[in-house]
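Worksheet: the structure to be examined is printed underneath.
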Protein chains: 2
Amino acid sequence: MDRSEDDVRVRLRQAALALFGERGYERTTAAEIAARVGVTERTFFRHFPDKREVLFDGEAVLRTALTAAIAEAPGALGPLATLFWSFRSIHPLLENNRPYSEPRHALIARTPALYERELAKTAALTDALADALQLRGVADLPAALAARTGMAAFVHAVIAWLEDPEPSLGERLEQTFAETVALVAEAGP
Amino acid sequence: MDRSEDDVRVRLRQAALALFGERGYERTTAAEIAARVGVTERTFFRHFPDKREVLFDGEAVLRTALTAAIAEAPGALGPLATLFWSFRSIHPLLENNRPYSEPRHALIARTPALYERELAKTAALTDALADALQLRGVADLPAALAARTGMAAFVHAVIAWLEDPEPSLGERLEQTFAETVALVAEAGP
DNA sequence: CCTCCTGTTGTCAGTGACTGACATCGACGC
DNA sequence: GCGTCGATGTCAGTCACTGACAACAGGAGG
């Protein structure tokens, strides 16, 4: 209906983020988001399977970047070292994205329904990491365990960085990796 | 309406589990669950804030057991060792619960909406573990990281055991802890 | 230029998860 | 017997989603 049909999807995403920021997620309806873009509620749900998903469109980017990094990691590295290497290699991507991801994180953190969805995306990403490790020859269960352990560290670092940019993400990652190693070493014997 | 008002809540939970098992989660309505127990849909939603929650009533038990165990763990243990000790100490509780938790897990695993809620519960549990560690004097961020890392191992072991009882949960836990230590040691230097 | 095809959108009706407001009813203390 | 309180029923309403069908645009082929 409006000019520039270029990408209704993109405009829906922007409108949703704006409205969620203004009134909060719960108090904005899908119809309102659609109206701001000049389309129908029905059209909204043709572009996104549900109202939450409008905020999680970029997830695929991170997944492909990470699985690609895992595939390209030096062959000598073990499973967890591979993951650490991959997290390091994509951190510029996240740093550049901060202007978008930081307010988004604040919104998600204060909205239970969105937080649940975020956890689901993280779980899916964890599975993707495990699959990527298997492609490198790591066995089934060890790959899953390594993926879980690696993601624990990665998420810890990213969240700490989103809530306080003080140490850069790169530093946060290094420190978290080191801390993980120390933590587990002390629990070993 | 029916005899034995003893605990509508318990009967709702049982009816829900039965119906979900028969028809699947998506194709059973809250009204049907309520009807089977002889109450109104409205009553269902007075006992459970939403339809998913009916399956996650026992979560508090696990949380209290684990936080109590953390408080009682030997003082000399470091953060992660404390968690491992606590997981070990409650594994009989889970073993006894298997007849209930195994079909429940199967249902959750094949129902995205329920899987999301399970992840949220696990995240809440992780936070509780972090808090319990802080009560032992562990600092803020290290406690959070240890909780995430420990939960990664714990969840890995429990899920593997739920999907195949072959090695007992106790054995799964020991093996997972050892595997985690090995995994991280190799990624350290 | 007409036509057919395909992809995107609008329209409409319907289901089901929840919520607030208010009435009811039985147990219980007094 | 009476007032109170907690659990429940009733009813109306909102909102997330879905299926079915019509409308309409632009592009391909004649």
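What you see is a predicted model, and the numbers here were worked out from it, not measured in a lab.
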### Task
Search all heavy atoms of L183(A) against all heavy atoms of A146(B) and return the closest pair with its distance.
CD2-CA, 3.5 Å

## Note on the structure
side chain to side chain donor-acceptor pair (under 3.5 Å) pairs touching residues 56-67 of chain A, sequence neighbours excluded, are R9(A)-D57(A), R13(A)-D57(A), E59(A)-R63(A)

### Query
Expressed in angstrom and rounded to an integer, what is the separation of R27(B) atom CZ from dT15(C) atom P?
17 Å

### Query
How does each nucleotide of nucleotides 15-21 of chain D score, in 5' to 3' order, for protein heavy atoms under 4.0 Å: base (B), sugar-phosphate only (S), or none (-)?
SSBBBB-

#### Entry: Residues in side-chain contact (heavy atoms from CB on, under 4.5 Å) contact with E163(A), at least two apart in sequence or another chain
H105(A), I159(A)

### Query
What ring pair (Phe, Tyr, Trp, His ring centres under 6.0 Å) pairs are there with at least one residue in residues 120-177 of chain B, not counting sequence neighbours?
F84(B)-F177(B), F87(B)-F154(B)

### Task
Using side-chain contact (heavy atoms from CB on, under 4.5 Å) as the criterion, list what pairs up with Q175(A), not counting sequence neighbours.
E179(A)

#### Entry: side-chain contact (heavy atoms from CB on, under 4.5 Å) partners for T29(A), two or more places apart
A31(A), E32(A)

### Message
From the set dT11(C), dG9(D), dT8(D), return the single nucleotide nearest to any side-chain atom of V8(B).
### Response
dT8(D)

### Query
H47(A) side chain N/O closer than 4.0 Å to the phosphate oxygens (OP1, OP2) of dT8(C)?
no

### Query
Using a side-chain heavy atom cutoff under 4.5 Å and only I, L, V, M, F, W and Y, what cluster partners does W85(A) have?
L77(A)

### Task
Check whether any side-chain N or O of T43(A) sits under 4.0 Å from OP1 or OP2 of dT8(C), and answer yes or no.
no

### Message
What's the closest nucleotide to the side chain of T40(B) if the choices are dT8(D), dG9(D), dT9(C)?
### Response
dG9(D)

### Query
In residues 111-124 of chain A, what residues come within less than 4.0 Å of DNA chain D, judged by heavy atoms?
none

### Query
Can you list the residues that meet the side-chain contact (heavy atoms from CB on, under 4.5 Å) rule with A113(B), with sequence neighbours excluded?
Y25(B), R52(B)

